[in-house]
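Worksheet: the structure to be examined is printed underneath.
For clarity, every value in this text was computed on a predicted model and none was experimentally measured.
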Amino acid sequence: MIRERAGRRRGYALTVVLITLVLLFAVWSFTARTTSSLLRIETRRVLQQTRDQGPINAMAQALQLLQLGAPPDNTITYTYQASVTSQSSAGSCTTITYVVVFTPRTDLGPYRWQVAVSPGTTSKALPTPGANPQWP
């Protein structure tokens with residue numbers, strides 16, 4: 001003879017499902033906040049890198065010129081214009097002009113230079129690097 005168990009059902013299944021859903025939504029909420037923060041930070045970093053690409057290229061040209069030969073007179077501040085083509089955040093290429101200023105730093109020793117790059121124009125173009133750069 002088979003006897004069915006007479007008694008009340010406990011009904012914990014619905015409670016377990018609800019608690020599981022609450023925990024799942026809590027984890028999803030935390031993950032969504034963290035992920036959105038990471039996406040904002042990464043987007044800002046990429047835009048900053050794109051924005052800095054032009055001045056970095058102008059500085060690279062100036063430092064390459066200094067590596068190949070120092071200016072003849074270390075008491076004069078030299079100011080030049082460098083034109084750099086860089087990619088904008090929209091994906092198009094633009095040419096921007098920068099002013100490159102070579103300032104002598106005799107307090108650090110002979111033939112030490114400080115190089116500064118800023119947006120703008122001036123009359124003299126940056127000398128082309130070669131075996132002997134022509135410093136005007």
Side-chain angles (χ1 to χ4, degrees):
M1 184 162 153
I2 299 176
R3 213 177 221 198
E4 282 192 34
R5 187 172 186 199
R8 296 183 330 155
R9 291 187 172 194
R10 298 188 186 223
Y12 291 117
L14 183 60
T15 307
V16 171
V17 168
L18 288 176
I19 290 174
T20 305
L21 285 175
V22 167
L23 289 176
L24 181 67
F25 283 133
V27 169
W28 178 73
S29 168
F30 176 74
T31 305
R33 266 192 231 139
T34 306
T35 305
S36 65
S37 295
L38 289 174
L39 284 173
R40 279 194 307 273
I41 291 169
E42 187 65 19
T43 302
R44 186 172 184 270
R45 187 191 66 78
V46 167
L47 289 175
Q48 182 72 34
Q49 185 178 11
T50 303
R51 202 171 29 245
D52 289 345
Q53 195 61 40
I56 289 173
N57 288 342
M59 180 66 80
Q61 289 177 9
L63 292 178
Q64 181 183 19
L65 191 63
L66 271 180
Q67 283 180 339
L68 296 174
D73 190 0
N74 66 339
T75 60
I76 301 173
T77 299
Y78 294 91
T79 304
Y80 298 106
Q81 174 179 318
S83 295
V84 176
T85 302
S86 62
Q87 186 175 5
S88 68
S89 58
S92 62
C93 290
T94 57
T95 301
I96 304 172
T97 57
Y98 294 98
V99 174
V100 180
V101 179
F102 295 91
T103 307
R105 292 291 306 265
T106 55
D107 58 329
L108 298 176
Y111 294 103
R112 304 288 183 181
W113 297 92
Q114 176 179 334
V115 182
V117 176
S118 61
T121 59
T122 186
S123 60
K124 288 191 266 182
L126 190 67
T128 57
N132 289 323
Q134 301 297 315
W135 291 91

### Task
Verify whether one side chain among Gln48 and Arg51 offers a donor that lies under 3.5 Å from an acceptor in the other.
yes

### Message
How long is the straight-line distance from CD1 of Ile96 back to OG1 of Thr121, given to the nearest 0.5 Å?
### Response
13.0 Å

### Query
How would you list, by chain and number, every residue that makes a side-chain contact (heavy atoms from CB on, under 4.5 Å) with Thr15, sequence neighbours excluded?
Ile19

### Query
Could you walk me through whether Gln61 and Val84 pass the side chain to side chain contact (heavy atoms under 4.5 Å, CB included) check?
CA-CA 9 Å; Gln61 289 177 9; Val84 176; 4.3 Å; yes

### Message
Quick check: do Leu66 and Pro71 have side-chain heavy atoms less than 4.5 Å from each other?
### Response
yes

### Message
List the residues meeting side-chain contact (heavy atoms from CB on, under 4.5 Å) with Val46, not counting sequence neighbours, and say none if there are none.
### Response
Glu42, Thr50

### Message
Testing the basics here: between Tyr78 and Pro72, what is the closest heavy-atom pair and its distance to 0.1 Å?
### Response
OH-CD, 3.8 Å

### Task
Measure the CZ-CG distance between Arg44 and Leu39 for me, rounded to the nearest 0.5 Å.
15.0 Å

### Summary
Taking every heavy atom of Ala62 against every heavy atom of Val100, the minimum-distance pair comes out as CB-CG1, 3.6 Å

### Task
Over all heavy atoms of both residues, which pair between Val115 and Leu63 is shortest? Give the atoms and the distance, please.
CG2-CD2, 4.2 Å

### Query
For Val101, what are the other residues in its hydrophobic cluster, where any two members join if their side-chain heavy atoms are less than 4.5 angstrom apart?
Val99

#### Entry: Contact summary for Trp113 and Asp73, nearest pair of heavy atoms
CH2-O, 3.4 Å

### Message
Ignoring hydrogens, what is the shortest heavy-atom contact between Thr75 and Pro104? Give both atom names and the distance.
### Response
C-CG, 4.0 Å

### Query
For Gln81, what residues pass the side-chain hydrogen bond (donor to acceptor under 3.5 Å, both in side chains) criterion, not counting sequence neighbours?
none

### Message
Test of understanding: clusters of I, L, V, M, F, W, Y form through side-chain heavy atoms closer than 4.5 Å, transitively. Do Tyr80 and Ile76 belong to the same one?
### Response
yes

### Task
Can you sort out the partners of Arg112 under salt bridge (charged side-chain N to carboxylate O under 4.0 Å, His left out), two or more places apart, ordered by chain and number?
none

#### Entry: Of all pairs that satisfy side-chain hydrogen bond (donor to acceptor under 3.5 Å, both in side chains), the ones with a partner from residues 95-105, not counting sequence neighbours
Thr85-Thr95, Arg105-Asp107, Arg105-Gln114

### Task
Output the distance between atom CG (Asp52) and atom CG (Leu47), rounded to the nearest 0.5 Å.
11.0 Å

### Query
So, Ser29 side chain and Phe25 main chain: donor-acceptor pair closer than 3.5 Å or not?
no

